[in-house]
Amino acid sequence: MDKIVVVGAGPAGMMAAIKAAENGASVVLLEKMKRAGKKMLITGKGRCNITNVAEIPELIKNIPGNGKFLNSCIRAFDNEDVQYFFNGIEVPTKVERGGRVFPVSDKAADVVDAMVLQVHELGVKLYTDVKVSEILVQDNKAVGVKTDDGQKFEAEAVIIATGGSSYPGTGSTGDGYKMADKIGHKVVTPLPALVPLELEEEWVKDLQGLSLKNVRVTLFADEKKVTDMFGEMLFTHFGVSGPIILSLSRKTAQLLEDGSFVELMIDLKPALSFEQLDARVLRDFEKYQRKEMKNALKDLLPGRLIPPVLDGAYIEPDRMVNSITKEERHRLVNVLKGLLVTVTKTRPIAEAIVTAGGVDVKEINPKTMESKLIKRLYFAGEVVDVDGYTGGYNLQAAFSMGAAAGNWSVWNDEEE
């Protein structure tokens, strides 16, 4: 019977352990935290968005960090398989807006507890509070792992599922990167992904807590458009966050790392063309022609957003509406269609929902998740250079990679 050692009891690691055990292997699962699945407990705001019902091409499209690499393992263990798996371990699921799949209970703890129970029922030996520091290799083959205190766990195959560098309090502290690097694997520089952004403008502090829906944010690098997103965003005391900002943050982090000058242009009224919005502003001006400008845009904008918009258009807030020229009005419309802010940096990687970067996918077999450099060594989950948008895509990736690693670590080499 194959003895498989899995390092890391997060979503990928537990799934790998479960699949290996289902295939008859003797499995040891090592977790450095005092309990398994700690990071899973905070996913989906504590509700655990386990997958998304999108078609597979759409799933891959929503994993901008090497999503194509996952084509084989996602097709082998897709979103329907994930739902079937959880329903089978008594975690009924439901589909919400955007195709997001959650447990009916809305409790991430139920997902984690069910996986841990399945681990135990399959005879997997789960050890917590055990920190692995080294992958043991002989004759170019993984033969076990070594812990911080010198303990060795011998194995026929080793699966590394230690997570990334985000939310270190949950155990994701980049341990897998160090272990992989030590045995010759290339590690793509970890950067924060799905992380809020800090802005240069001081006025954003006055907008803290203001949420904007149905806006379009365009990302610029050195004054050239990179990409854009439509949806909801949120102002914070340091800058901006919210769904579309998080989705743009991976590319933003890369651009900042490359030394680019990064800006965001916020279209506050994307449903209206310049001409349509100008006509709308003109109607408001006629309605409030005897008022000051700071009081004339209340039908168009949240109150706290009026001062920075007027400032961007170089219009004094105390100016009377009936004194505004056509040129000034057009300037105002341009700001409404493109409020510009400067990104100085992302929030720290410790605050990122996921990590971009990790073990280079070029050195991993996409079908089996086995290392191309070291035989019988497998990688799964966030330790791999794969990351997706919010919406269940990251957990789907973790489950698919974990299932592939768990299955193929048991199946014979000749079957590959």
Side-chain angles (χ1 to χ4, degrees), residues 196-226 228-246 248-249 252 261-347:
L197 304 176
E198 296 191 18
L199 302 181
E200 183 179 274
E201 288 73 18
E202 287 291 322
W203 52 260
V204 299
K205 295 176 182 177
D206 298 328
L207 302 184
Q208 181 179 353
L210 177 64
S211 176
L212 300 178
K213 295 182 179 180
N214 302 320
V215 296
R216 183 173 297 281
V217 176
T218 304
L219 174 65
F220 286 87
D222 299 324
E223 300 185 349
K224 294 180 181 177
K225 179 181 175 179
V226 178
D228 60 50
M229 287 275 174
F230 174 84
E232 185 176 350
M233 63 171 286
L234 172 73
F235 285 100
T236 69
H237 67 284
F238 54 76
V240 284
S241 186
I244 57 175
I245 299 299
L246 296 180
L248 289 169
S249 64
T252 302
F261 175 64
V262 181
E263 296 172 294
L264 299 177
M265 181 179 284
I266 308 168
D267 185 345
L268 298 165
K269 301 293 176 183
L272 302 177
S273 66
F274 178 92
E275 292 74 19
Q276 290 171 327
L277 184 55
D278 184 42
R280 164 69 196 276
V281 170
L282 189 57
R283 288 198 299 273
D284 283 2
F285 277 14
E286 291 170 354
K287 181 179 179 181
Y288 297 112
Q289 59 181 303
R290 298 184 184 278
K291 291 186 177 293
E292 296 175 336
M293 282 297 297
K294 61 186 178 185
N295 298 317
L297 301 178
K298 62 182 182 180
D299 294 348
L300 201 61
L301 294 171
R304 285 188 288 162
L305 196 53
I306 292 173
V309 166
L310 288 175
D311 186 60
Y314 302 103
I315 297 174
E316 292 294 324
D318 295 333
R319 283 275 302 278
M320 297 300 294
V321 171
N322 57 18
S323 72
I324 299 297
T325 65
K326 180 180 180 180
E327 179 186 354
E328 289 172 321
R329 190 183 77 241
H330 283 179
R331 214 157 58 211
L332 173 64
V333 174
N334 276 322
V335 174
L336 292 169
K337 295 291 293 177
L339 181 62
L340 206 59
V341 291
T342 306
V343 181
T344 54
K345 57 184 177 180
T346 68
R347 292 295 287 176

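All figures in this text were calculated on a predicted structure; none of them were measured in a lab.
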With a 4.5 Å limit on heavy-atom distance, are the side chains of [X] and [Y] in contact?
| X | Y | value |
| --- | --- | --- |
| Asn214 | Phe230 | yes |
| Thr344 | Phe238 | no |
| Ile244 | Val215 | yes |

[X] and [Y]: which non-hydrogen atoms are nearest, and at how many Å?
| X | Y | result |
| --- | --- | --- |
| Val240 | Ile245 | O-CG2, 3.6 Å |
| Phe235 | Leu212 | CE1-CD1, 3.6 Å |
| Thr346 | Leu197 | CG2-CD2, 3.8 Å |
| Tyr288 | Ala296 | CD1-O, 3.6 Å |
| Ser241 | Leu246 | OG-CD2, 4.1 Å |
| Met320 | Glu292 | SD-CG, 3.9 Å |

- line: Across all chains, not counting sequence neighbours, the salt bridge (Lys or Arg N to Asp or Glu O under 4.0 Å) partners of Glu201 are none

Would you tabulate the side-chain donor-acceptor contacts of residues 270-286 under 3.5 Å, counting partners in other chains and residues two or more places apart, or write 'none'?
from   : atom 1 : to     : atom 2 : distance (Å)
Ser273 : OG     : Gln276 : N      : 3.1
Ser273 : OG     : Gln276 : OE1    : 3.4
Gln276 : OE1    : Ser273 : N      : 2.9
Asp278 : OD1    : Arg329 : NE     : 2.7
Asp278 : OD1    : Arg329 : NH2    : 3.4
Asp278 : OD2    : Arg329 : NH2    : 3.2
Asp278 : OD2    : His330 : NE2    : 3.3
Arg280 : NH2    : Asp299 : O      : 3.1

Please tabulate, for side-chain N and O atoms in residues 302-317, each donor-acceptor pair with protein atoms closer than 3.5 Å (sequence neighbours left out).
from   : atom 1 : to     : atom 2 : distance (Å)
Arg304 : NH1    : Asp206 : O      : 3.2
Arg304 : NH1    : Gln208 : O      : 2.9

